[in-house]
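Along the sequence shown, residues carry numbers from 1. Given the structure is predicted, the values throughout are model-derived calculations rather than measurements. Atoms within each ligand, like the ligands themselves, are counted from 1 in listed order.
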Amino acid sequence: MARKTILSGMRPTGRMHVGHLAGVLSNWVKLQYEYECLYEIADWHALTDDPYRSKEIDENVLGMVKDWLAVGIDPSKATIFRQSYVPEHAELHLMFSMLVSVPRLLRNPTFKEKLAELRKKKGYTRLAFKMGELDVEKELEGALNFLRSENPAKALRMLQSLISRTKSEVLDRITTETVLDETAIPPEISYGFLGYPVLQAADILLYKGEVVPIGEDQLPHLELTREIARDFNRHYAPIFPVPEPLLTETPRILGTDGRKMSKSYDNAIFLSDPPEVIEKKVKSSITDPMKVRLKDPGRPEICPIFQMHRVFNREEAPVIEEACRAGELGCVACKKRLAEVLKEKLAPIRDRAASYSDDEVSEVIREGSRRAKERAIRTMEEVRGAVFGS
Ligand code: TRP
């Protein structure tokens, strides 16, 4: 029986860190032996929130793929390809964009988070108008709603009532109040960003992906992909599988500041960090703030150092956990052990990553993209046939 197709991808935002290794990459390595795997460098996705960084993307692509290869992703087993080298993604994205409503995209949690973040940062506010006790704006909005629901008589009556309650003396007390605008969409949000999950659906369905290994946070995107696949299949032709998520239990790796490990938080330990840097980062990492002295009992479950012991130092982790809780192991010694383990684990990965030349890696990407494109072309022929009949 043919192996199922897996499609997954990552935006080329920089070098890979131990969080990527524990959460995504070790899983990708395993899957390549069981499935037909396509691993995408999602460079167009990387432009959706920062359209002018295409220059740095090239560099990021090479660094990222060197790390992929170094951890054991094998281009003779899995297809490593670059999204923008397969322009069929753009065509399918355009087709799918017609099948998704704007309100549906506005409800997407990732979009809503970004929106909330921007509104807070930029203080997106508007002015609310008041006249003495009268909330003029609210009353006008009420009148407008009647107009919108085609009841102009009621709208006019509301306006008359508003005017009748407007005493001339309050006209001098017209005030404005700054309120958070719950409806405004900041100009930093592009059309392309709103369509992010539609592009992701095109990524998956262009290769008829059946299984998509993703983190919990990406589930809403996969749900949209499934809706699009069903919709297309029903209205045009049953071309697409409805893909299933593969939620592997991904260990939570915390950054050195206790937040989620991320390049943008500057709290990550990179696979390419040299030994001194690993040591420095581990040493300066936070631990349980309640554990001040060696003899204080610690809480490994909230400690970033312990989380890494659990993933990268599996054999010793139970002993370390117990000793920490019992107040028998101090943070200094615990960190020292982790630094040793990480240095040993990462050295071969770092050396291997450094051994690939840019040309070699570019060739891997070109070859993978060529293979991906063959599949993409076939799907697009079917899609065009189903939609336009030719
Ligand atoms: N949105 C994904 C992320 O940020 C990256 C991605 C792009 C992806 N296309 C994909 C993941 C297709 C799975 C399938 O992690």
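Using modelled atom types, no side-chain atom of Asp273 and backbone atom of Ile278 make a donor-acceptor pair closer than 3.5 Å.
Listed by number with element, the atoms of ligand 1 under 4.0 angstrom from any heavy atom of Arg11 are 4 (O). Below 4.0 Å from some heavy atom of Ala42 lie the following atoms of ligand 1, by number and element: 7 (C).
Salt bridge present: Glu321 and Arg325 bring a charged side-chain N and a carboxylate O closer than 4.0 Å. A salt bridge between Arg15 and Asp67 is present, with a side-chain N of the basic residue lying under 4.0 Å from a carboxylate O of the acidic one. A salt bridge is absent between Lys130 and Glu137; no separation between the charged side-chain nitrogens and carboxylate oxygens falls under 4.0 Å.
Between the CD atom of Glu91 and the CG atom of Leu206 there is a distance of 9.5 Å, given to the nearest 0.5 Å.
Regarding atom 4 (O) of ligand 1, its nearest protein heavy-atom neighbour is Tyr196 OH, 3.2 Å. In terms of protein heavy-atom proximity, atom 2 (C) of ligand 1 is closest to Gln218 OE1, 3.4 Å. Among all non-hydrogen protein atoms, the one lying nearest atom 9 (N) of ligand 1 is Asp203 OD2, 2.7 Å. Annotation: atom 7 (C) of ligand 1 to nearest protein heavy atom, His45 ND1, 3.5 Å.
Side chains of Ser76 and Asp74: a donor on one and an acceptor on the other come within 3.5 Å.
Considering only non-hydrogen atoms, atom 8 (C) of ligand 1 lies nearest to Gln200 out of His221, Gln200, Gln83. When Gly215, Gly9, Ala46 are checked for heavy-atom proximity to atom 13 (C) of ligand 1, Gly9 turns out nearest.
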